[in-house]
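The structure appears right after this line, and notes come after that.
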Amino acid sequence: MSKEIKIRNIDWIEKIYEIVRKIPKGKVTSYGAIADAIGARTTARMVGWAMNASHTAKPKVPAHRVVNRNGLLTGRHHFASPTLMQELLEAEKIEINDNQIINFEKNYWKP
DNA sequence: TCACTGACCGTGG
DNA sequence: ACCACGGCCAGTG
């Protein structure tokens, strides 16, 4: 029992930031995809929590490119402005309708 | 100190 | 087809 190296640190959070920063411009991904890319240790919920602290990460991660599985801008309310997320995505040629990304699968990028 | 919540997702009834 | 619940980690009241 003991040889197992238990990572109780918040290392996985740093990993999340790295992946999110790797998202190419004009593409989006989902919380679950990031969680799966890191490992089963982290769940989608933790990714959202990490994003909440992402504003302290350096450099700041493009959290606006991360949406939920439905392609819905669930975290838009956590940005500086509730519409900032949509504005940023539209600036990257991503069409959004009713807070939902159009052609989400087409713009979906998996780590 | 204990309990609940949180930018979610998948499966079961 | 719809509703309900569990899981994972850390932070806050």
Side-chain angles (χ1 to χ4, degrees):
Chain A
M1 55 198 126
S2 4
K3 278 193 267 103
E4 176 182 324
I5 301 175
K6 194 181 279 194
I7 304 176
R8 52 217 166 111
N9 240 9
I10 54 179
D11 261 15
W12 51 275
I13 292 183
E14 301 276 324
K15 221 161 195 173
I16 290 172
Y17 297 153
E18 239 187 291
I19 293 174
V20 175
R21 282 182 296 181
K22 273 166 50 188
I23 301 175
K25 186 180 171 191
K27 297 273 184 172
V28 289
T29 190
S30 61
Y31 300 97
I34 297 170
D36 186 59
I38 296 169
R41 280 179 201 272
T42 315
T43 56
R45 223 187 243 168
M46 304 297 80
V47 177
W49 173 84
M51 291 280 111
N52 195 357
S54 71
H55 85 103
T56 63
K58 289 173 298 233
K60 291 182 182 171
V61 303
H64 64 276
R65 289 184 191 151
V66 184
V67 295
N68 70 342
R69 197 60 173 158
N70 296 314
L72 196 69
L73 281 58
T74 53
R76 91 198 134 168
H77 207 274
H78 284 261
F79 280 78
S81 273
T83 54
L84 179 62
M85 191 175 187
Q86 183 172 338
E87 295 282 319
L88 291 169
L89 290 171
E90 285 182 334
E92 299 190 358
K93 311 298 193 235
I94 297 178
E95 296 183 71
I96 300 176
N97 182 17
D98 194 21
N99 298 323
Q100 187 173 340
I101 296 176
I102 300 175
N103 298 331
F104 174 59
E105 296 181 13
K106 196 160 140 185
N107 294 313
Y108 184 72
W109 176 86
K110 205 207 160 225

Taking atom P in both dC4(B) and dC5(C), what distance in whole Å separates the two? 15 Å
Should the ring pair W12(A) and W49(A) be called parallel, tilted or perpendicular, given that the plane angle runs from 0 to 90° and is split at 30 and 60? tilted
Taking the side chain of T43(A) as its heavy atoms from C-beta onward, which of dA7(B), dG7(C), dC9(C) lies nearest to it? dG7(C)
Between N or O atoms, less than 3.5 Å apart, protein on one side and nucleotides 9-11 of chain B on the other: list the pairs.
{"residue": "dC9(B)", "atom": "OP1", "partner": "R69(A)", "partner atom": "N", "Å": "2.4"}
{"residue": "dC9(B)", "atom": "OP2", "partner": "R69(A)", "partner atom": "N", "Å": "3.2"}

How many whole angstroms separate atom CD1 of I13(A) from atom C1' of dG6(B)? 13 Å
Nearest-Å distance, CD1 (I34(A)) to C1' (dA7(B))? 11 Å
Decide if atom NZ of K110(A) counts as having more than 12 heavy atoms of other residues, nucleotides or ligands within a radius under 6.0 Å. yes
Distance check, P atoms only: dA10(C) and dG10(B), in whole angstrom units. 23 Å
F79(A), nearest nucleotide to its side chain (from dC8(C), dC9(C), dA7(B)): dA7(B)
Tell me: CE of M51(A) to P of dT5(B), nearest whole Å? 23 Å
Please report the distance, rounded to the nearest Å, between CG in D11(A) and P in dA10(C). 11 Å
Among the nucleotides dC8(C), dA7(B), dG11(C), whichever has the atom closest to the side chain of M46(A) is dC8(C)
So which atom in V61(A) and which in V20(A) form the shortest heavy-atom distance, rounded to 0.1 Å? CB-CG1, 3.9 Å
Look at the side chain of Y17(A) and the backbone N and O of A50(A), then say whether any donor-acceptor pair between them is shorter than 3.5 Å. yes
Whole-Å gap separating C1' (dA7(B)) and OH (Y17(A)): 12 Å
What does A53(A) touch in the nucleic acid at a heavy-atom separation under 4.0 angstrom: a base, only the sugar-phosphate, or nothing? nothing
To the nearest 0.5 Å, how far apart are CD1 in I38(A) and CD1 in I13(A)? 9.5 Å
Measure CH2/W49(A) against P/dG7(C) and give the value in whole Å, please. 21 Å
Can any side-chain N or O of T29(A) pair as donor or acceptor with the backbone N or O of W109(A) at less than 3.5 Å? yes
Mind checking T74(A) for me? I need base, sugar-phosphate or nothing, with any heavy atom below 4.0 Å counting as a touch. sugar-phosphate
Using only atom types and a distance under 3.5 Å, with no angle test, would you say the side chain of R69(A) pairs donor to acceptor with the backbone of G32(A)? no
How long is the line joining CH2 of W12(A) and P of dG7(C), in whole Å? 18 Å
Round to the nearest Å and state the distance from H55(A) atom NE2 to dG11(C) atom P. 13 Å
Write down the distance separating the P atoms in dC9(B) and dG11(C), rounded off to the nearest Å. 22 Å
